[in-house]
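Following: one structure in structure tokens, then a few remarks.
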Amino acid sequence: MQAEHKSILSLINSGIASALKNEFKADQSQIENILKKTTVSIPDDISNGHWTSNIAMVSAGILKSSPRDLANEVIKVFAENEVFEKIEIAGPGFINFFLTSESLLRQTEYLHEQFLETIKHINPRKILIEFVSANPTGPLHVGHGRGAAYGDALKRMLELVGHSVTTEYYVNDAGRQMDIVTASILLRSANIGAEDFPSACYQGEYIKAISADIVLTPDECKTIEDFLKDLPADEDEAIDKICLDLKNLSKIWDSAKNIGLQSILGLIKKELSDLGVDFDEWFYESSLGGLDDSSSLLKQALEQSIDTAGYEKEGAYWLRSTDYDDDKDRVLIRRDGRVTYLASDVAYHKNKLDRGFDQLINIWGADHHGYIKRIEAAIESVGYSKSSLLVLLVQFANLYEDGKKLKMSTRSGTYYDLGSLIEMVGADVTRFFYLAKQADQHLDFDVSLAKSESKDNLYYYIQYAHARISSLEKKYEAAMGSLPSSISANECPEALIEIIQMLMKHASTLLNSVERYQPHLLIYFLRELAQKVHQFYNEVNVLKASPEEASTYMFVLLQAKQVIDQSLGLLGIQAKEQM
RNA sequence: GCGCCUGUAGCUCAGCUGGAUAGAGCACCUGGCUUCGAACCAGGCGGUCGGGAGUUCGAAUCUCUCCAGGCGCGCCA
């Protein structure tokens, strides 16, 4: 008998639906309640079946019947189907489906259909992922790299399951930090000596390099030198005064600011590009405009926000964020008339939603978690629901080499920015290590391990499985003339069944990984799949098997290869044909 | 003090939307290459899942509490 459904998952799902309606006589609300809790999955232990469902147990409470009686009703539905070797009721009421060898092998031809069945309930959304968004004040550090790898992987994964995803980098080019960068460049251009160079300024070598592009007259240098006299003792006040004075030299200030921004963004884009991360959009804070322009995005958003959820107190304008569980209300416009960082974010997030995205994902360093409530309040204050925003936190990454923590400060001699990390271990390995651990947990990045092309390095273990299949593929094709496009045997070794089980698990793993925004789950799946491939490879010699067996083995291995290739691709990593 | 994250084998970590006997790598011990790639495989050793209580058919997973560690609590960004 030919199976009505090509993928076993579809077959079991429809059988269960039928059992609920016709055998259990459940009403609509009971059915929905039961299906919500029901799982159809592949057990870790093959002795519990190739597929298993907990439906009898979750139905028992709702239908006030015993799990085993209900399980027997379910089994009836499948009685006539020859794809099953047997169906058992086990333990407290698990229904375990065992497939015949033939139908199990045949499943490898329907992996795509199974994938479609797995993701069919997903409603496509229009998603904007904003990440990295580091201030344009210098090269990216290794923490930014982690966010970059994470956001980029999420984009690829969300798109695969049907969402429309745009990635965006928010450039803070309008704030005080940018002013300090500009001042740092100009002071370097004016050849201010090391002793007089303010400590609040950016000290990096890249600033010196940029300053070479700004040519000042002797008079201008003299003027700038004079700005350093009689400064306030407080570091912050001093740098603010320097910036204020320098801004009066509006021509060279604008020029230095522009060159500085472009140069540093150039550095950042280079590092991201080296990591393989490209953004769809670059949004400049400066494009929000200022309060002096009544038509600016900033002005309009703040008016709306303050009108609906703000108030004036002590000369400043506040957002009543305590209405949304924030600890205290937050200032939008300072007493001196300047806007806060939050004010820009009010306008920026309103703009994001005005652009028609129905889901915003912000990826932030975990140290910003206290900022979530006020952004939610900000979004509500401009007429949108806070549920449209999802903030995903990324914990900091520490680098270790030979068991010692690498310091990441500019002052010490060892400064590890993202670029130097990529240079040390390579972009693919860097991404792999970033993504191998859940994003919201601290990452100890072992540089020695990442650099070592050894068995200790999981990256190579997975790549090796892919390369082995690739190598076999070439030899097979040379010997047989072509590659198999279907299954031709009815039986196979247990080691191959193990690979098939992993292939069947792939769709649900991917879905789980996407829905939880956790790419690392994919990596652990790959490790297990690679392990099964290596085991099979050691146990069975494909090229020495009969033609019928060999083509079957090769077909399954090629499916495994494709799954590895695609999964690594989602992580932004190129699978290796040879190594 | 309040908020968020974390605590699983000697080490590094999976598993956490409740599911069957808690997994892997490293380390340590024992085996497997005269050709499909040994960057591999097979076996052994190793755990009161931080402590306690609760919820239920079932808890590493959910709730509460305590202990320990990290981070955050600006009219900074």
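Since the structure is predicted, the reported quantities are computational estimates derived from the model, not experimental observations. Letters A, B, ... are given to chains in the order of the sequence lines, protein chains preceding strands, and every chain is numbered from 1.
As a whole-Å value, the separation of A:Glu549 CD from B:rC36 C1' is 15 Å. Taking atom NZ on A:Lys544 and atom P on B:rU34, their separation rounds to 12 Å, with Å as the unit. Between the P atom of B:rC41 and the CD atom of A:Glu494 lies a distance of 18 Å, rounded to the nearest Å. Note: CG (A:Asp345) to P (B:rC76) measures 15 Å, nearest angstrom. Atom CG of A:Leu543 is separated from atom P of B:rC36 by 9 Å (rounded to the nearest Å). Counting to the nearest Å, the P atom of B:rG23 and the CG atom of A:Leu521 are 18 Å from each other. Summarising the geometry, the separation between CZ on A:Phe536 and C1' on B:rA42 is reported as 17 Å, rounded to the nearest angstrom. Look at CZ on A:Arg330: it is 12 Å from P on B:rC76, rounded to the nearest Å.
The aromatic ring centres of A:Phe525 and A:His506 sit less than 6.0 Å apart. Residues A:Tyr150 and A:Tyr517 place their aromatic rings such that the two centres sit no closer than 6.0 Å.
Considering A:Tyr434, A:Tyr400, A:Phe396 in turn, A:Tyr434 is the only one that fulfils the ring pair (Phe, Tyr, Trp, His ring centres under 6.0 Å) rule with A:Phe445.
By the 5.5 angstrom centroid cut-off and the 30-degree plane limit, A:Tyr524 is classified as not stacked against the base of B:rG15. For B:rC36, the base is stacked against the aromatic ring of A:Tyr537, per a cut-off of 5.5 Å between centres and 30° between planes.
Sparse packing is recorded around CD of A:Gln574, with 12 or fewer heavy atoms of other residues, nucleotides or ligands lying under 6.0 Å away. The environment of A:Lys313 atom NZ is dense: over 12 non-hydrogen atoms of other residues, nucleotides or ligands sit within 6.0 angstrom. Few gaps surround CD on A:Gln438; more than 12 heavy atoms of other groups in view lie less than 6.0 Å from it. Atom CG of A:Asp44 is surrounded by 12 or fewer heavy atoms from other residues, nucleotides or ligands within 6.0 Å. A 6.0 Å sphere centred on CD of A:Glu477 holds more than 12 heavy atoms belonging to other residues, nucleotides or ligands. Atom OH of A:Tyr317 has 12 or fewer heavy atoms from other residues, nucleotides or ligands within 6.0 Å.
Side chain of A:Thr322 to backbone of A:Lys328: no donor-acceptor contact under 3.5 angstrom is found. Panel note: side chain A:Ser471, backbone A:Ala467; no donor-acceptor pair is recorded below 3.5 Å. Between the side chain of A:His144 and the backbone N or O of A:Ile268, no donor-acceptor pair lies under 3.5 Å. At distances below 3.5 Å, not a single donor-acceptor pair connects side-chain atoms of A:Asn48 with backbone N or O atoms of A:Pro43. A donor-acceptor contact shorter than 3.5 Å is absent between the side chain of A:Ser321 and the backbone of A:Arg374.
Phosphate proximity of B:rA42 to A:His534: absent, as no side-chain N or O sits under 4.0 Å from OP1 or OP2. One finds a side-chain N or O of A:Arg334 lying less than 4.0 angstrom from the OP1 or OP2 phosphate oxygen of B:rA77. Neither OP1 nor OP2 of B:rC75 sits under 4.0 Å from any side-chain N or O of A:Thr340. Between A:Tyr460 and the phosphate of B:rA39, there is no side-chain N or O to OP1/OP2 separation shorter than 4.0 Å. For A:Lys474 and B:rG37, the shortest distance from a side-chain N or O to OP1 or OP2 is not below 4.0 Å. Phosphate contact (OP1/OP2 of B:rU17, side-chain N/O of A:Tyr517, threshold under 4.0 Å): absent.
To the nearest whole angstrom, the two P atoms, one in B:rU65 and one in B:rG58, are 24 Å apart. Rounded to whole Å, the separation between the C1' atoms of B:rU63 and B:rU17 comes to 16 Å. Rounded to a whole angstrom, the distance from the P atom of B:rC40 to that of B:rG51 is 35 Å. Taking the P atoms as reference points, B:rG70 lies 27 Å from B:rC75, given to the whole Å. The P atoms of B:rA42 and B:rC33 are separated by 16 Å, rounded to the nearest whole Å. Nucleotides B:rA22 and B:rC36 are separated by 39 Å at their P atoms, to the nearest Å. With both ends at atom C1', the span from B:rA60 to B:rU21 equals 15 Å, rounded to whole Å. A distance of about 23 Å separates the P atoms of B:rG46 and B:rG52, rounded to the whole Å.
Across the strands present, B:rG25 finds its partner in B:rC11; the criterion is a Watson-Crick or G-U wobble pair with both atom distances under 3.5 angstrom. Figure legend. B:rC16 is base-paired to no nucleotide; pairs are counted as Watson-Crick or G-U wobble with both atom distances under 3.5 Å. Across all strands shown, B:rA38 remains unpaired; no Watson-Crick or G-U wobble contact has both distances below 3.5 Å. Under the Watson-Crick or G-U wobble criterion, with both distances below 3.5 Å, B:rC62 is paired with B:rG54. Of the nucleotides present, none pairs with B:rG74 by Watson-Crick or G-U wobble criteria with both distances under 3.5 Å. Pair check for B:rC49 finds none; no Watson-Crick or G-U wobble contact set falls under 3.5 Å. Taking a pair to require two hydrogen-bonding distances under 3.5 Å in either a Watson-Crick or a G-U wobble arrangement, B:rA68 pairs with B:rU6.
Using a 4.0 Å heavy-atom criterion, one finds that A:His520 contacts the sugar-phosphate atoms exclusively. Using a 4.0 Å heavy-atom cutoff across all strands shown, A:Glu515 reaches no nucleic acid atom at all. Note on A:Arg338: nothing from the nucleic acid sits closer than 4.0 angstrom, heavy atoms only. Counting any heavy atom pair closer than 4.0 Å across all strands shown, A:Asp336 reaches no nucleic acid atom.
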Nucleotide N/O of nucleotides 28-32 of chain B paired with protein N/O under 3.5 Å:
{"from": "B:rG32", "atom 1": "N2", "to": "A:Asn538", "atom 2": "OD1", "distance (Å)": "3.3"}

Sort me out a list of protein N/O and nucleotides 55-62 of chain B N/O pairs below 3.5 Å, or just none if empty.
none

Check: protein-nucleotides 4-7 of chain B nitrogen or oxygen pairs below 3.5 Å:
{"from": "B:rC5", "atom 1": "O2'", "to": "A:Asp440", "atom 2": "O", "distance (Å)": "3.2"}

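Distance from the side chain of A:Arg468 is smallest to B:rA38 among B:rA38, B:rA77, B:rC75. Ranking B:rA20, B:rA14, B:rG15 by closeness to the A:Ala90 side chain, first place goes to B:rA20. For A:Tyr461, counting side-chain heavy atoms from C-beta on, the closest listed nucleotide (B:rC16, B:rC41, B:rC75) is B:rC41. Checking B:rA14, B:rC36, B:rC73 against the side-chain heavy atoms of A:Lys328 singles out B:rC73 as nearest. Taking every side-chain heavy atom of A:Gln177 into account, B:rA77 is the closest of B:rC16, B:rA77, B:rC41.
With hydrogens and angles left out, the side-chain atoms of A:Tyr170 and A:Asp345 include no donor and acceptor closer than 3.5 Å.
Side-chain N/O atoms of A:Asp367 and base N/O atoms of B:rA77 include no donor-acceptor pair closer than 3.5 Å.
Along RNA chain B, the nucleotide nearest A:Arg335 and the nucleotide nearest A:Asp45 are compared for position; the residue whose nucleotide lies closer to the 5' end is A:Asp45.
In summary, A:Lys352 and A:Glu168 do not engage in a salt bridge, as defined by a charged side-chain N under 4.0 Å from a carboxylate O.
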